[in-house]
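Step one of this worksheet: look at the structure below.
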There are 2 protein chains.
Amino acid sequence: MRSKQTSFDIAYRAGVSQSTVSRALRNSPLVNEETRRRVQEIAKELNYKVDKNASSLRTQQSGTIALLLFEDPTNDDSLINPFFLSMLGSITRASAKKGYDLLVSFQQMSNDWHADFEDTRKADGIILLGYGDYTDYEEKLVQLIKQETHFVRWGADVKGLSVVSVGCDNFHGGYQVTEHVINNKRKSFAFLGGVSTGSPEFLARYNGHCQALEDHKLKVDPNLQIDAISTNESGYEAAQKLIATGIKFDAICAASDLIAIGAMRAMQDAGYNVPDGIAIVGFDDIATASSTSPALTTAKQDTVLAGELLVDKLLQLVTGEEAKTQLMPTTLVVRKSCGS
Amino acid sequence: MRSKQTSFDIAYRAGVSQSTVSRALRNSPLVNEETRRRVQEIAKELNYKVDKNASSLRTQQSGTIALLLFEDPTNDDSLINPFFLSMLGSITRASAKKGYDLLVSFQQMSNDWHADFEDTRKADGIILLGYGDYTDYEEKLVQLIKQETHFVRWGADVKGLSVVSVGCDNFHGGYQVTEHVINNKRKSFAFLGGVSTGSPEFLARYNGHCQALEDHKLKVDPNLQIDAISTNESGYEAAQKLIATGIKFDAICAASDLIAIGAMRAMQDAGYNVPDGIAIVGFDDIATASSTSPALTTAKQDTVLAGELLVDKLLQLVTGEEAKTQLMPTTLVVRKSCGS
DNA sequence: ATAATCCATGCATACGTATGCATTTTAAGC
DNA sequence: GCTTAAAATGCATACGTATGCATGGATTAT
């Protein structure tokens with residue numbers, strides 16, 4: 001029952017050649033309509049499915065996109081940053097919509113990831129997802145370009161490299177949320193998130209944050225910027241360090257929702273009132289952001305749109321078209337963590 | 001620079017035949033150690049990578065696992081149930097650990113998903129993930145079995161079918177959380193979650209819930225069971241309906257965390273106090289559960305273990321070994337939503 | 001020295017599809 | 001009716017790898 005059906009079997013049943021079967025199934029105009037119908041009918045009857053390996057081997061196209069997901073190695077190994085998880089979901093959807101399969105792979109930055117998929121012909125192109133805060137990241141991008149691998153990446157534009165990126169406007173997002181807090185009459189701002197050592201994303205958000213303060217004639221106190229990576233725990237600890245400085249502040253801008261959520265808990269545990277005593281804003285708008293108490297005001301990154309853009313641009317590259325880096329705006333989502 | 005390297009190129013450079021190259025790269029004992037080293041060195045130098053399509057075509061093995069993710073079609077199209085998203089993450093990790101690539105695909109139940117992957121030789125086996133609450137689900141499983149497709153599924157065991165499943169003990173989990181609430185001196189219990197129309201998972205949780213009540217001589221009031229699907233919104237609405245019945249209750253057991261979270265908000269919006277007035281428990285232990293206010297007490301499903309089990313068992317099937325259905329225990333995670 | 005044994009390698013082929021080119025069939029033109 | 005064009009099909013081959021079988025050389029045993 002299970003012996004695999006090939007196009008030759010269909011050909012035999014239909015009384016035509018294998019070539020004709022192949023053409024008929026691919027709706028080639030070269031084949032007579034009547035023949036095509038017959039072939040397709042038989043194919044369906046026999047539950048025939050094209051062998052993708054053979055097909056890919058012949059055409060040198062796999063109909064597959066590879067998604068490489070880089071994670072902060074300091075994170076708990078078993079959990080994925082919910083923001084990237086959300087991106088993963090939208091990319092999956094977007095590629096399915098385009099008729100492409102999605103090969104998902106977690107990566108340690110140490111690996112030879114730059115070659116592992118397109119070079120093995122398993123994928124037509126690659127999507128790079130993760131924070132670009134690794135020392136040899138750019139170097140590997142250069143390798144990818146040299147190999148003429150088709151790829152797009154999530155994140156800020158890389159200066160000097162002809163790389164197609166889709167990212168959100170972190171600077172503006174940082175500006176946006178900070179300005180919102182300023183409008184709520186806060187005067188002394190802290191910022192939680194790695195700036196010097198951290199990702200370029202965090203840095204851009206911080207820069208936006210500072211710009212907003214300056215534009216409103218408020219002071220930027222470097223002592224109130226505490227490094228943190230994007231986890232609850234790190235946010236919690238950063239907030240504790242913040243309190244330990246003894247410096248007074250009435251607002252916290254976090255580089256990500258996870259940090260904000262951890263910080264919020266730390267402040268509450270320390271007896272502060274949010275938002276009356278301390279205003280807190282995050283960044284990303286992950287699912288949990290709407291469920292905290294008070295619900296978290298944040299800068300939303302549109303993951304659905306992002307996924308579609310990444311896939312669209314990658315496929316443009318694959319088909320030889322031009323594709324341009326694109327910056328998406330963030331949306332201010334006002335909830336309760338700033339007072340109004 | 002980019003013209004693709006084949007095993008013939010390596011063979012030419014090494015002064016041996018293509019066969020020897022193939023064997024050398026696969027560490028066949030047939031090839032001389034010295035030769036093997038030389039070949040492997042040259043391969044690395046030329047940045048040669050085996051063409052997986054050709055390899056798969058030849059060996060009829062793809063080194064790939066397909067993950068089919070079914071979602072409740074009534075959900076918002078752009079979001080994925082965080083529990084399944086978490087499963088996706090752990091499965092990705094688990095298959096990477098085994099050296100397999102993971103092909104991820106979202107599915108509408110209406111499609112011919114039962115054939116789409118293994119039959120096209122893109123995957124060696126299939127993992128089915130999603131609630132099994134669809135009318136023709138079993139029928140399609142039967143088809144899969146008939147085709148001798150290798151697959152495992154997440155969920156409760158299917159009676160009468162020789163299918164390998166990995167699931168958690170929903171009955172016991174439902175029992176567990178309910179008993180915990182009972183120990184907190186609650187007397188009148190409501191249950192939110194589709195039972196008659198819904199998934200077998202929800203039904204099992206409900207049955208465990210009822211059993212716990214009976215064992216403690218408490219009444220089960222069918223009027224306090226309200227249908228809901230696994231979303232915040234549905235939970236919110238269900239809680240509203242619950243209030244609208246006018247019947248008194250002091251505890252809510254929800255069939256999932258999302259439902260519980262929605263219900264919690266509905267109760268709070270209606271002026272009830274959680275947990276003092278109303279105790280609430282969920283099911284799953286999604287990330288958000290720890291961030292609600294009060295933090296949600298729930299029955300945790302171990303997604304990391306689940307992912308590993310699914311992958312392990314599938315690979316056992318692929319290699320011709322026996323694999324058995326396995327039921328995982330749930331863990332009671334006590335937070336604040338029940339009072340203690 | 002000859003036969004028997006073993007080790008290392010090469011030759012040839014199959015996996016299943018897609019497609020350039022040759023060939024046959026059908027229709028059209030005069 | 002014969003030539004020419006167009007439409008439909010078949011033939012042959014290539015994609016790159018893995019492997020059964022044959023071959024050649026080296027080693028050992030008799």
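In the text below, chain A, chain B and the rest are named by the order of the sequence lines, each starting its count at 1.
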Item checked: Euclidean distance, B/L129 CG relative to B/L310 CG, rounded to 0.5 Å ->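 Reported value, rounded in 0.5 Å steps: 7.5 Å.
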Next item on the list: Could you check which of C/dA18, D/dT9, D/dT17 has an atom nearest any side-chain atom of A/T59?
Entry: C/dA18
Check: Of all the nucleotides listed (C/dT9, D/dT17, C/dG16), which has the minimum atom distance to the side chain of B/R23?
Finding: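 Output: C/dT9.
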Notebook entry, point to check: Does a donor on one side chain sit under 3.5 Å from an acceptor on the other, for A/S22 and A/S19?
Noted result: no
Once you round it to whole Å, what is the distance between [atom2] of [N] and [atom1] of [X]?
X	N	atom1	atom2	answer
B/D51	D/dC15	CG	P	12 Å
B/N53	C/dA18	CG	C1'	14 Å
B/L30	C/dC11	CG	C1'	15 Å
A/Q61	C/dT19	CD	C1'	14 Å
A/Q18	C/dG20	CD	C1'	14 Å
B/L57	C/dG16	CG	P	7 Å
A/K122	D/dT17	NZ	C1'	15 Å
A/R26	C/dG16	CZ	P	18 Å

Checklist line | Nearest-nucleotide 5' precedence on DNA chain C, B/V31 against B/A54 | finding: B/V31
Look at [X] and [N] and indicate whether a side-chain polar atom (N or O) is within less than 4.0 Å of OP1 or OP2.
X	N	value
A/Q60	D/dA14	no
A/T20	D/dT9	no
A/S17	D/dG10	yes

Checklist line | Within 6.0 angstrom of A/R13 CZ, more than 12 heavy atoms from elsewhere | finding: no
Notebook entry, point to check: Considering only heavy atoms and no angle criterion, is a donor-acceptor pair shorter than 3.5 Å present between the side chain of A/S22 and the base of C/dT17?
Noted result: no
Checklist line | Donor-acceptor pair, side chain of B/Q5 and main chain of B/I10, under 3.5 angstrom | finding: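 The answer is no, because no donor-acceptor pair under 3.5 Å joins these two groups.
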Next item on the list: Give A/T35 one of three labels, base, sugar-phosphate or nothing, depending on what nucleic acid heavy atoms sit under 4.0 Å from its own.
Entry: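 Result for A/T35 = sugar-phosphate.
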Margin query: For a quick check of understanding: with a heavy-atom distance under 4.0 Å over all strands, which category does A/S19 fall into, base, sugar-phosphate or nothing?
Written below: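 Answer is base: heavy atoms of A/S19 come under 4.0 Å of a base.
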Check: Does some side-chain heavy atom of B/L102 sit less than 4.5 Å from a side-chain heavy atom of B/T64?
Finding: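 Sidechains of B/L102 and B/T64: no contact.
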